[in-house]
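The block underneath contains the structure these notes are about, expressed in structure tokens.
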Amino acid sequence: MKKILLVEDDLDICEIIREYFGNKGTGVETVNSGGKASDIIDRGLEGYDLVLLDIMLPETDGFELCRRIRSENDIPVIFITARGREEDILSGYDLGCDDYIVKPFLLSVLYSKCEALVRRARNISDNNQLTCGTISLDTVTLRCFANGEEVELPPKEFAILRYLLEHEDWTVTRDTLLDRVWGYDYFGSDRVVDNHIKKLRKALGSAGAQIKTLVGRGYKLTKE
């Protein structure tokens with residue numbers, strides 16, 4: 001049985017989501033403040049498959065909670081919030097959320113997105129081999145292959161490729177790569193990402209064309 005942590009201060013929304021998901025066989029544990037959610041994060045999120053996270057919360061807001069989660073865990077995170085401004089949405093993705101849903105929303109859509117993210121996360125954890133098109137990476141032996149040939153990658157390029165493979169077909173911003181590869185305490189220029197992407201493409205040869213540049217937004221790894 002899947003288990004979701006819902007951090008939401010609207011008790012009616014909590015009850016509606018818990019009942020809907022419960023009828024489909026998914027357990028939902030709810031907490032109603034950022035402080036209580038922080039306590040759970042401190043204890044560890046190993047018992048959960050996904051986090052649904054409001055932004056406007058008592059004590060600690062959802063952005064800070066997401067930042068704390070991402071500093072130590074790759075669990076899927078979806079923001080569900082009334083804050084639909086573009087800058088809020090981009091901030092959510094920059095912090096490493098997997099999706100951002102603006103209230104009001106359809107429960108069926110929310111459930112489908114949760115299912116897809118949990119399924120993807122379980123496939124990654126159960127399968128040491130990440131593959132997209134002609135690129136594959138073994139997360140245990142730390143070996144990379146492109147077009148059937150082994151490719152030697154420095155640690156930063158390897159980490160960037162792994163994150164892109166884990167988020168195939170997703171738009172990944174420079175800030176997200178800085179946070180996940182360089183760390184949250186990095187304060188240099190985000191152009192360092194462009195330099196390492198350039199080196200990664202060169203190392204992958206023709207397979208490097210699978211890494212697409214999205215002008216003004218970031219990068220995306222595709223099968224072709």
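Below, each value reflects all heavy atoms present in this structure, side chains not excepted, and no hydrogens, waters or symmetry copies.
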Contact between [X] and [Y] at the side-chain level, heavy atoms closer than 4.5 Å - yes or no?
| X | Y | answer |
| --- | --- | --- |
| Leu110 | Phe21 | yes |
| Ile197 | Asn195 | no |
| Leu52 | Val7 | no |
| Ile80 | Leu53 | no |
| Leu50 | Leu5 | no |
| Glu15 | Thr30 | no |
| His196 | Val193 | no |

Checklist line | Audit row: Ile135, Leu137, side-chain contact (heavy atoms from CB on, under 4.5 Å) steps and yes/no | finding: CA-CA 7 Å; Ile135 300 172; Leu137 185 151; 5.8 Å; no
Notebook entry, point to check: Shortest non-hydrogen contact from Arg180 to Asn73?
Noted result: NH2-O, 4.3 Å
Enclosure of [X] [atom1] (heavy-atom neighbours >12, cutoff 6.0 Å):
| X | atom1 | value |
| --- | --- | --- |
| Lys220 | NZ | yes |
| Lys103 | NZ | yes |
| Glu152 | CD | no |
| Glu29 | CD | yes |

With a 4.0 Å cut-off on N to O distance, would you call [X] and [Y] a salt bridge?
| X | Y | answer |
| --- | --- | --- |
| Glu166 | Arg162 | yes |
| Lys113 | Asp99 | yes |
| Arg67 | Asp179 | no |
| Arg85 | Asp88 | yes |

Same hydrophobic cluster for [X] and [Y], using side-chain heavy-atom links shorter than 4.5 Å among ILVMFWY?
| X | Y | value |
| --- | --- | --- |
| Leu107 | Leu6 | yes |
| Val192 | Leu214 | no |
| Ile13 | Ile78 | yes |

Notebook entry, point to check: How far apart are the C-alpha atoms of Tyr93 and Asp98, what are their side-chain angles, what is the distance that settles it, and do they pass the side-chain hydrogen bond (donor to acceptor under 3.5 Å, both in side chains) test?
Noted result: CA-CA 7 Å; Tyr93 282 113; Asp98 294 276; over 6 Å; no
Margin query: Working note: Leu161 + Glu157, criterion side-chain contact (heavy atoms from CB on, under 4.5 Å); need CA distance, chi angles, decisive distance, verdict.
Written below: CA-CA 6 Å; Leu161 181 59; Glu157 279 77 13; over 6 Å; no
Whether [X] side chain and [Y] backbone form a donor-acceptor pair below 3.5 Å:
| X | Y | result |
| --- | --- | --- |
| Asp94 | Thr176 | no |
| Arg70 | Ile75 | yes |
| Gln210 | Thr222 | yes |
| Asp49 | Lys3 | yes |
| Arg201 | Ile211 | yes |
| Thr81 | Arg83 | yes |
| Asp61 | Leu57 | no |
| Ser91 | Glu87 | yes |
| Ser112 | Ser108 | yes |

Next item on the list: Give, for atom OG1 of Thr131 and atom NZ of Lys223, the distance between the pair rounded to the nearest 0.5 Å.
Entry: 9.5 Å
Notebook entry, point to check: Run the side-chain hydrogen bond (donor to acceptor under 3.5 Å, both in side chains) check on Thr173 and Arg217 step by step: do they pass?
Noted result: CA-CA 6 Å; Thr173 67; Arg217 298 170 65 191; over 6 Å; no
Check: Excluding sequence neighbours, so at least two apart, what forms side chain to side chain contact (heavy atoms under 4.5 Å, CB included) with Pro58?
Finding: Asp9, Ser33
Next item on the list: Not counting sequence neighbours, which residues clear ring-ring contact (aromatic ring centres under 6.0 Å, His included) with Tyr163? List them please.
Entry: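 Here the qualifying residues are His167.
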Next item on the list: Apply ring-ring contact (aromatic ring centres under 6.0 Å, His included) to Phe79 and list each qualifying residue two or more places apart in sequence or on a separate chain.
Entry: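 Phe79 satisfies ring-ring contact (aromatic ring centres under 6.0 Å, His included) with Phe63, Tyr100 only.
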Next item on the list: Start with the C-alpha distance between Leu204 and Cys144, add both sets of side-chain angles, then the distance that settles side-chain contact (heavy atoms from CB on, under 4.5 Å), and finish with yes or no.
Entry: CA-CA 9 Å; Leu204 294 173; Cys144 173; 4.1 Å; yes
Checklist line | Lys24 charged N/C atom sitting above Tyr111 aromatic ring, 6.0 Å / 45° | finding: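 Output yes; distance and angle both within limits.
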